[in-house]
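These notes concern the structure reproduced below.
Letters A, B, ... are given to chains in the order of the sequence lines, protein chains preceding strands, and every chain is numbered from 1. Quantities reported herein were computed from a predicted structural model and do not represent experimental measurements.
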Protein chains: 2
Amino acid sequence: MIKHEKAIETLRLKGHRLTPQRLIVLSTIASGDGHMGVDEVFQAAKKAYPYMDIATVYRTLHLFKELGVVTEVAIGDRLHFELTDPEGHHHHMVCRACNGAFNLSPHYLAEFRETLNKEFGFEPDLEHFAVSGVCAKCQEADRKSGGNQG
Amino acid sequence: MIKHEKAIETLRLKGHRLTPQRLIVLSTIASGDGHMGVDEVFQAAKKAYPYMDIATVYRTLHLFKELGVVTEVAIGDRLHFELTDPEGHHHHMVCRACNGAFNLSPHYLAEFRETLNKEFGFEPDLEHFAVSGVCAKCQEADRKSGGNQG
DNA sequence: CAAGTTATTGCAACCGTTTGCGATTACTAA
DNA sequence: TTAGTAATCGCAAACGGTTGCAATAACTTG
């Protein structure tokens, strides 16, 4: 279950140093359940390594993102990160009411991408696409509590 | 050609005050050609009204956005604003190479919205959707100057 | 027009995130 | 194992953007 060993190998191969900070950030995210906020990662990492700096956390997460080791998801307007799904990319639907994030299979976007390509020659960045909205549960909750006052 | 008179009327009707700051921000955006960055608006507005504060610009733009007077577009990771198109909404394709923004008719997204609705009960926020990517011109320029070095 | 009410402002402090820089330390080669 | 080197770090200052608060001023009413 040491699912981040491949990530460590990637770091090595690309000539990046294996610092305790990087290993801790990695294992923090790996041990987390789904995506984590930056501060969440920072607080957890600081427990394991008290000198940990927030700037290092950001730099590390960006490096990991560049290497494809983690995936960035915008939840609300904060950045969250999760280990990249080895099964293949997925996208996210993020509920702005409960901040829940739901996976979205890439095939839902394939058609959209093709259309933009054909019609406009535009190549969209849809690798880590997230669409904001309201999930079914929150729509219902809103309906029940009388959400129609606008 | 005073295309922001309707906007002023909207402010009045909703009970908001017509301050010089608001009028200046509005006419700045109206006189601009397409969307403007926040600092662009701020600098221009400051010339007309030296006490203008950046916080006021943000507050004003957010108010206008709420009223539907202006539309927010994320260019790169900065916010840009433009007068809302009276002909009806349109979305944007934003080129991350040249920062150009191209209009995208809403019908390209209608199908996507319906699918999310039916399959997941998820209601996406697609009123002012912007998708990042690379436009046709920049793809070509990249091809010519040997962009395949990654 | 003058006085009262309260939305709005300018300021300054704050937020999350990024960056420059000198000190540290992971790695390389002997 | 030690010395050399450059990537990485911690720190602090800066960034774009937001917010609390006392002072101001746009509107209302008479």
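- Distance A:Leu61 CG to C:dG16 C1': 13 Å, rounded to the nearest Å.
- As judged by a 4.0 angstrom heavy-atom cut-off over every strand, B:Tyr58 is placed among the base-contacting residues.
- A heavy-atom distance below 4.0 Å to DNA chain D is reached by these residues of residues 13-22 of chain A, ordered by number: A:His16, A:Arg17, A:Thr19, A:Gln21, A:Arg22.
- Nucleic acid contact for B:Leu79: sugar-phosphate only, since backbone atoms but no base atoms lie under 4.0 Å from a heavy atom of the residue.
- In summary, the aromatic rings of B:Phe81 and B:Tyr58 are positioned with their centroids too far apart to meet the 6.0 Å limit.
- Sequence order on DNA chain C of the closest nucleotides to A:Asp39 and A:Arg59 puts A:Asp39 first from the 5' end.
- Panel note: side chain A:Thr115, backbone A:Glu111; a donor-acceptor pair is recorded below 3.5 Å.
- C:dT18 atom P lies 13 Å from atom CG of A:Asp53, rounded to whole Å.
- At distances below 3.5 Å, at least one donor-acceptor pair connects side-chain atoms of A:Arg22 with backbone N or O atoms of A:Arg17.
- Residue B:Tyr49 is in sugar-phosphate contact alone, with no base atom involved, counting any heavy-atom pair closer than 4.0 Å across all strands shown.
- In terms of position on DNA chain D, the residue among A:Thr60 and B:Val38 whose nearest nucleotide sits closer to the 5' end is A:Thr60.
- Following rounding to the nearest Å, B:His62 (NE2) and C:dT8 (C1') show an atom-to-atom distance of 16 Å.
- Here the CG-CG distance, from B:Leu26 to B:Leu83, works out to 6.0 Å after rounding to the nearest 0.5 Å.
- With hydrogens and angles disregarded, a donor-acceptor distance shorter than 3.5 Å links the side chain of B:Thr84 to the backbone of B:Gly68.
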Quick one: do B:Leu61 and B:Val25 satisfy side chain to side chain contact (heavy atoms under 4.5 Å, CB included)? Show the steps, please. CA-CA 8 Å; B:Leu61 290 172; B:Val25 167; 3.9 Å; yes
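- When side chains are defined from C-beta on, B:Ile54 counts as touching B:Val38, because their heavy atoms get closer than 4.5 Å.
- Under the 3.5 Å distance criterion, the side-chain polar atoms of A:Gln139 are matched with a main-chain donor or acceptor of A:Val134.
- B:Glu119 CD: more than 12 foreign heavy atoms inside a 6.0 Å radius.
- Atom pair A:Glu40:CD and C:dG16:C1' shows a separation of 15 Å (rounding to whole Å applied).
- If you walk DNA chain D from 5' to 3' and mark each nucleotide with an atom closer than 4.0 Å to a heavy atom of chain B, the marks span D:dG16 to D:dC27.
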